[in-house]
Student: 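There's a structure below that I have some questions on.
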Amino acid sequence: MDYFLYRNGSLYAEDVAVADIAAAVGTPFYVYSTATLLRHFKLFDDALADMDHLICYAMKAASNQAIIKTLAQAGAGMDVVSGGEYARAKAAGVSTDRIVFSGVGKTVDEITTALKGGIRQFNVESEPEMVVLNRVAGEMGVIAPITVRVNPDVDAKTHAKIATGMSENKFGIPISRARKVYETAGAMPHLDVIGIDVHIGSQLTDLAPFELAYQKVAELAEQLRFDGHDIRRLDLGGGLGIPYVQSNEAPPLPADYGKLIERTVGHLGCEIEIEPGRLIAGNAGLMVSEIIYVKSGEDRDFIILDGAMNDLIRPAMYEAYHEIIPVIEPVAGAEQALFDVVGPVCETGDTFAKERMMPLVNAGDLIAFRSAGAYGAVMSSEYNTRPLIPEVLVNGDQYAVIRARPTFDEMINRDTIPTWL
Ligand SMILES: *Cc1c(COP(=O)(O)O)cnc(C)c1O
């Protein structure tokens with residue numbers, strides 16, 4: 001559920017007309033709903049209410065400081081995957097004892113920064129990383145709290161590019177070798193082994209892979225305790241999927257996911273962390289774009305937008321489906337036709353939708369991509385020297401530009417010309 005609804009024939013973000021934002025900031029742009037972000041956060045918070053828990057929002061999904069501050073004020077911690085995200089979380093006022101550091105290739109610089117600034121835990125993904133972390137912590141005279149990310153070899157049954165929990169994937173250490181790796185970690189004087197981490201993929205639309213993975217984690221936790229490790233925290237990752245097609249069967253509910261967690265690992269009495277990204281931010285954001293031309297082709301018609309693949313890359317990269325709706329609500333029974341919806345970039349990949357049934361629209365009309373809040377703005381680029389598009393946050397009847405569109409000069413002046421030219 002989200003707070004983007006038609007009211008008197010016009011699309012609103014909470015209590016603000018999307019067309020009013022477009023008139024003020026220009027198109028294309030992203031708009032997020034505070035109420036939707038908070039609602040999704042609360043669904044998880046309620047789902048885990050019976051367990052000691054922390055929801056560490058995977059901020060790579062949508063990392064604007066206004067978004068993470070909104071969630072942090074509601075009680076969220078952050079899951080970061082780079083030094084940049086760590087700095088961003090701190091800049092937004094997130095307390096460092098609520099920041100977990102994930103990622104398969106943490107550099108010495110990133111590790112040092114996090115140890116200096118403070119960190120809740122590192123989710124370590126390999127033995128070489130463990131060695132480096134132990135060394136750096138030793139040099140600084142501190143102890144680094146860690147979990148080890150295990151790869152449970154479970155098929156998440158999602159898009160290949162976002163499946164992470166199979167033995168062929170680069171993530172974590174094979175669960176079959178976990179006891180050996182924990183023994184190594186346990187012997188390192190500057191590491192404090194506090195728990196287990198797992199994350200099997202993104203956009204999971206079925207709970208069964210979570211169940212399999214968490215059962216394996218529970219078994220491992222008991223073995224590790226038997227081996228003498230004080231396993232007291234489980235980081236169970238993110239990955240719960242969202243409905244990209246609103247009419248389709250709904251993916252699992254956070255409440256059922258919470259019950260699954262209680263059923264599979266609750267008896268261990270560990271503190272539970274989860275790292276949802278997409279489910280919190282995905283349906284809390286739209287990308288709004290203006291139609292530049294409607295063009296008739298040989299065998300199909302095209303809707304050409306001012307938004308492009310550099311602004312929202314998910315369709316090109318993951319064959320992702322986004323619902324596309326007009327900002328002015330079509331009247332009931334309005335005529336529809338099939339269109340390819342495309343951007344202006346010189347690549348056939350710059351196609352948002354093929355043969356999409358759409359109401360008859362015109363140049364100058366606004367359309368909105370639904371479910372664009374996660375992995376939208378954060379994956380955008382300035383390809384074709386197109387400026388990064390603004391981000392806007394709505395809260396009730398207020399809105400604010402939370403990232404402004406750069407001017408051409410600002411973009412161009414980031415280049416420096418060598419002296420020999
Ligand atoms: C990407 C990622 C997440 C978030 O995944 P969602 O599908 O957005 O919930 C959580 N944890 C880790 C380690 C990740 O890499």
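Note that the coordinates shown come from a computational prediction; the quantities given were computed from them, not determined experimentally. Both counts, for ligands and for their atoms, begin at 1 and track the order of listing.
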Student: Asp235 pairs by side-chain contact (heavy atoms from CB on, under 4.5 Å) with which of His199, Gln121, Arg149, Glu271?
Tutor: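 So, applying the side-chain contact (heavy atoms from CB on, under 4.5 Å) to Asp235 and each of His199, Gln121, Arg149, Glu271, only Gln121 qualifies.
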Student: For ligand 1, is any non-hydrogen atom under 4.0 Å from Asp79's backbone (N, CA, C, O), its side chain (CB onward), both, or neither?
Tutor: side chain
Student: With backbone taken as N, CA, C and O and side chain as the heavy atoms from C-beta onward, which portion of Ala61 lies under 4.0 Å from ligand 1: side chain, backbone, both, or neither?
Tutor: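 Answer for Ala61: neither.
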Student: Of all the non-hydrogen atoms in the protein, which one sits nearest to atom 15 (O) of ligand 1, and at what distance?
Tutor: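 The closest one turns out to be Lys60 NZ, 2.7 Å.
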Student: Judged on heavy-atom distance to atom 8 (O) of ligand 1, which of Tyr375, Tyr57, Phe171 sits nearest?
Tutor: Tyr375
Student: Taking it one step at a time, do Asn310 and Asn384 satisfy side-chain contact (heavy atoms from CB on, under 4.5 Å)?
Tutor: CA-CA 8 Å; Asn310 68 297; Asn384 283 209; over 6 Å; no
Student: Quick one: does Asp206's side chain have a donor or acceptor within less than 3.5 Å of a partner on Ala208's backbone?
Tutor: yes
Student: Do any nitrogen or oxygen atoms of Gly237 lie less than 3.5 angstrom from nitrogen or oxygen atoms of ligand 1?
Tutor: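 It does not: no N or O of Gly237 is found under 3.5 Å from an N or O of ligand 1.
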Student: Which of the numbered atoms in ligand 1 are under 4.0 angstrom from any heavy atom belonging to Glu275?
Tutor: 3 (C), 4 (C), 9 (O), 10 (C), 11 (N), 12 (C), 13 (C)
Student: Pick one: which of His53, Arg120, Arg98 meets side-chain hydrogen bond (donor to acceptor under 3.5 Å, both in side chains) with Glu273?
Tutor: Arg120
Student: For Pro276, take its heavy atoms, then give the atoms of ligand 1 lying under 4.0 Å from any of them.
Tutor: 9 (O)
Student: Flag the pair Arg232 and Asp192 as a salt bridge only when some basic side-chain nitrogen lies within less than 4.0 angstrom of an acidic carboxylate oxygen.
Tutor: yes
Student: Do any nitrogen or oxygen atoms of Gly277 lie less than 3.5 angstrom from nitrogen or oxygen atoms of ligand 1?
Tutor: yes
Student: Salt bridge check: are Glu183 and Arg179 linked by an N-O gap of less than 4.0 Å?
Tutor: no
Student: Would Gly239 count as a contact residue for ligand 1, given that I'm defining contact as a non-hydrogen atom of the residue lying under 4.0 Å from a ligand atom?
Tutor: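 True for this residue.
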Student: For Asn8, is the CG atom crowded, meaning more than 12 foreign heavy atoms sit under 6.0 Å from it?
Tutor: no
Student: Quick check on contacts: which atoms of ligand 1 are under 4.0 angstrom from a heavy atom of Arg278?
Tutor: 6 (P), 8 (O), 9 (O)
Student: What's the shortest distance from atom 7 (O) of ligand 1 to any protein heavy atom, and which residue and atom give it?
Tutor: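 Ranking protein heavy atoms by distance from atom 7 (O) of ligand 1, first comes Ser202 OG, 2.3 Å.
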Student: Between Asp2 (side chain) and Thr36 (backbone), is there a donor-acceptor pair under 3.5 Å?
Tutor: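 No; judged by distance alone, with no hydrogens or angles, the pair does not exist.
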Student: If you count the atoms of ligand 1 from 1 in the order shown, which ones are under 4.0 Å from a heavy atom of Ala58?
Tutor: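 Ligand 1 atoms under the 4.0 Å threshold to Ala58: 3 (C), 4 (C), 10 (C).
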